[in-house]
Amino acid sequence: MTTRRTVLAGLAATATLSVVPARAQGWRPALIAGTYAGKGGAGLYRLPASGRGWSVGAADPALKDVSFGVSRGSMRYLVRESAKGRMIATDRDGKILADLPSGGDDPCHAAIDPAGRLLAVANYSSGTVALYPLAAGVPQPPIVRQHRGTGPRADRQSGPHAHWVGFTPDNRFLHSVDLGADTIFAYALSSGEIGEPAIAWRAPPGAGPRHLAYHPDLPVAYCVTELANTLVTLDAQFDGTLTTRATTSLLPAGWQGSSQAAHIAIDRAGRRLYASNRGHNSIAVFDLAEDGSATLAQHIACGGDWPRFFLLLEDTGQLLVANERSGEVAVFDLAYDGRLRPTPARLTVPGVVFLDRA
């Protein structure tokens, strides 16, 4: 079955003010960074604010191989990406409050429903989705559902690989993006019962859909395909299905190298979309029109190697890129038009794959 996969504060750099927008000056949130142990990561790192940037603090060795996490209120929910994966709930100080099976192998994504009653986890290697009822924020034993399906890429799609989960803004459906099955599945939530997955959208064969993002105001979603390296604009239907509106390459015209799309995020105003390219090692920036149509506006080098994840910090006017293979976080300034400007700031975090506010 296909699977994926100390403190260096003195080496940390900080951003300069020369090109930082005014909103980025002053206050900065403390951050956390999840890492892979096999890539040198010592656990979940603290990145305290330091001057005009961040420094690299101590790592918690009890939280190794944390590849993704979400938080709500005083609770944080982290997935440990390993065979027989774990879902770990902590408080904001990192104290472990619950440690449960993830419902499969190699969990890689998690989401909380808008009402704060359910937590969903995607397990990549087993192609399963686990849904945890939350009682006062504490996860209870999960309901586990199995995806089914394959794709034409035998090396990556010999079975289902759940890669992303997310609740629709109206909380009527849970969507799960499956790279191996070339499918986005939907789970209806309105009945209070979690049934079997239904097909919400079929990707082109071999596209390998990876991550999804919902427009903040429109019935539109955007899917990045890891294997085809495309951004697919999808119209969201009332029944939870998605229909293709447009498909745009995430790579520059004529580029011939090997690349795999990774993460996607949209700003709060719904005017800019960002996606990362591993291999091409870039961030693609798209302008979003009033109807949600996406137009490529910029490609910019990611500041390292293999941009697995990035964190959009609109309050400080920055975007931070977790470059997995080079083991560093690159800091970009966010211009008022949504485009990115590089800075010399780098934080050395071996095996970094995930960032979030502390």
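Positions are given from 1 along the sequence. As the structure is a computational prediction, the values presented were derived from the model and not from experiment.
- The shortest non-hydrogen separation linking Leu218 to Asp291 is CD1-C, 3.5 Å.
- Atoms OH and CZ, on Tyr274 and Phe310 in that order, are 9.0 Å from each other to the nearest 0.5 Å.
- No more than 12 heavy atoms of other residues, nucleotides or ligands lie within 6.0 Å of CD in Glu290, so this atom counts as exposed by the packing criterion.
- The shortest distance between side-chain heavy atoms of Tyr124 and Ser67 does not fall below 4.5 Å.
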Tell me, with the steps shown, if Thr247 and Thr230 meet side chain to side chain donor-acceptor pair (under 3.5 Å).
CA-CA 7 Å; Thr247 301; Thr230 57; 5.8 Å; no
For residues 91-99, which side-chain N or O atoms pair as donor and acceptor with protein atoms under 3.5 Å away, sequence neighbours left out?
residue	atom	partner	partner atom	Å
Asp91	OD1	Asp93	N	3.0
Asp91	OD1	Gly94	N	3.0
Asp91	OD1	Lys95	N	2.9
Arg92	NE	Gly73	O	3.0
Arg92	NH1	Ala358	O	3.3
Arg92	NH2	Ser71	OG	3.4
Arg92	NH2	Gly73	O	3.0
Asp99	OD1	Arg86	NE	2.8
Asp99	OD1	Arg86	NH2	3.3

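- Between Arg272 and Asp267, the closest side-chain pair of non-hydrogen atoms falls below 4.5 Å.
- Centroid-to-centroid, the aromatic rings of His211 and His163 come within less than 6.0 Å.
- Counting heavy atoms from C-beta outward, Ser126 and His161 have side chains that stay 4.5 Å or more apart.
- Taking a 6.0 Å sphere around CZ of Arg117, one finds it holds 12 or fewer heavy atoms contributed by other residues, nucleotides or ligands.
- Here the side chains of Trp54 and Pro48 are not in contact, with every heavy-atom distance at 4.5 Å or above.
- The only option from Glu81, Glu324, Glu328 that meets the salt bridge (Lys or Arg N to Asp or Glu O under 4.0 Å) definition with Lys39 turns out to be Glu324.
- When atom types are taken as modelled, the side chain of Gln146 and the backbone of Gly127 share a donor-acceptor pair closer than 3.5 angstrom.
- No donor-acceptor distance shorter than 3.5 angstrom exists from the side chain of Thr183 to the backbone of Phe185, with no hydrogens or angles considered.
- To the nearest 0.5 Å, the span separating OG1 on Thr225 from CG on Leu179 amounts to 9.0 Å.
- Sorted by first and then second residue, the salt bridge (charged side-chain N to carboxylate O under 4.0 Å, His left out) pairs with a member in residues 292-307 form an empty list; sequence neighbours excluded.
- With rounding to the nearest 0.5 angstrom, the CG atom of Asp217 is 12.5 Å from the CZ atom of Arg268.
- Annotation: side chain to side chain contact (heavy atoms under 4.5 Å, CB included) contacts of Pro252 (sequence neighbours excluded): Trp255, His280, His299.
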Does the pair Arg339 and Asp287 meet the rule for a salt bridge (charged side-chain N to carboxylate O under 4.0 Å, His left out), with working shown?
CA-CA 9 Å; Arg339 287 162 175 76; Asp287 292 333; 3.6 Å; yes
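- At least one side-chain heavy atom of Tyr45 sits under 4.5 Å from a side-chain heavy atom of Val56.
- Under the 4.0 Å criterion applied to side-chain N and carboxylate O atoms, Arg72 and Asp113 are not assigned as salt-bridge partners.
- Below 30°, between 30° and 60°, or above 60°: for Tyr187 and His147 the angle between ring planes is below 30°, a parallel geometry.
- Applying ring pair (Phe, Tyr, Trp, His ring centres under 6.0 Å) to His263 and the options Tyr222, Phe309, Trp306 leaves one that passes, Phe309.
- No side-chain heavy atom of Arg76 sits under 4.5 Å from any side-chain heavy atom of Val70.
- Ring geometry, Phe68 versus Phe354: the interplanar angle falls from 30° to 60°, so the pair is classed tilted.
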